[in-house]
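Report on the following structure.
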Amino acid sequence: GVVARFPFEGRSGTAATVTLDPSASLNGTIEIVDPAGARIVLADTAGQAEAESIPAKVPAAAPSVAAVRGQPGSTGAFEVRLDESSITDITVGEREPARIGDGAPAGAFRLAGRTDDLVTVVVEPTGDLDPVIEVLDPGGVVIERVDAFGATIGETATVRLSEDGDYLVF
């Protein structure tokens, strides 16, 4: 069942990142649902006592809910953090410097894509950043996720776009 619900107000031109940081004993999931109750995105800690972050395309000026659930028999404490990022428009071939930290949990970029475009996203980190790339389709569904899990090397995600529209890259 639902352990906790955290309502938040969507604002046009923003993206939300919800982070679930569970205790060692909690095997939890977090999902973001739209005003009608439809799931926008879901993440599962998969039994790991590590924080799980999920990006979401925020419906313009609409209330949404982050819901945390524990798996059957799983109990424990947790923290939830909701961070908002502005979205930067980017075009194919463009390099865009960005910074994560100091209140910015994720870079959020919007790409106007066309059906059958083959897009490659490259993140070249500096310092000790462990990057994760997530690409969301125009409906807000994660269609590609790349994570080297703990590595501070660059990440590359290549995806063929399935429809015309605005894609988000986190």
Side-chain angles (χ1 to χ4, degrees), residues 6-20 29-46 51-69 80-101 103-126 129-170:
F6 301 91
F8 63 95
E9 187 72 23
R11 293 189 314 158
S12 181
T14 64
T17 301
V18 179
T19 301
L20 170 63
T29 63
I30 188 164
E31 68 179 331
I32 299 177
V33 296
D34 69 14
R39 178 183 295 157
I40 297 172
V41 66
L42 170 76
D44 188 338
T45 61
E52 180 71 45
S53 294
I54 56 173
K57 189 176 195 176
V58 178
S64 298
V65 174
V68 177
R69 291 182 171 82
V80 172
R81 186 177 73 241
L82 173 70
D83 297 296
E84 190 175 70
S85 302
S86 60
I87 300 173
T88 302
D89 287 321
I90 191 166
T91 58
V92 173
E94 183 179 357
R95 293 178 67 93
E96 182 68 35
R99 177 169 176 75
I100 296 175
F109 303 91
R110 180 177 27 243
L111 172 69
R114 294 184 317 256
T115 303
D116 290 329
D117 280 355
L118 185 63
V119 176
T120 299
V121 178
V122 179
V123 174
E124 298 170 341
T126 58
L129 177 67
D130 175 16
V132 175
I133 299 172
E134 292 189 311
V135 180
L136 282 66
D137 70 11
V141 176
V142 176
I143 57 171
E144 183 69 25
R145 185 175 201 276
V146 178
D147 183 1
F149 298 106
T152 55
I153 58 174
E155 297 283 7
T156 301
T158 300
V159 62
R160 184 166 304 279
L161 307 183
S162 61
E163 60 185 296
D164 293 352
D166 289 339
Y167 289 76
L168 286 184
V169 178
F170 288 87

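Note that the coordinates shown come from a computational prediction; the quantities given were computed from them, not determined experimentally.
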Testing the basics here: between [X] and [Y], what is the closest heavy-atom pair and its distance to 0.1 Å?
X      : Y      : result
Glu144 : Val146 : OE2-CG2, 3.6 Å
Ile133 : Ala157 : CG2-CB, 3.8 Å
Arg110 : Asp89  : NE-OD1, 2.6 Å

side-chain contact (heavy atoms from CB on, under 4.5 Å) against [X], all qualifying residues, sequence neighbours excluded:
X      : answer
Ser162 : Tyr167
Val122 : Thr120, Glu124, Thr156
Asp117 : Arg114, Val119, Leu161

Between the OG1 atom in Thr115 and the CG atom in Asp164, the distance rounded to the nearest 0.5 Å is 4.0 Å
Arg145 side chain to Glu134 main-chain N or O, any donor-acceptor pair under 3.5 Å? no
Which of these, Leu168, Val92, Val135, sits in a side-chain contact (heavy atoms from CB on, under 4.5 Å) with Leu111? Val92
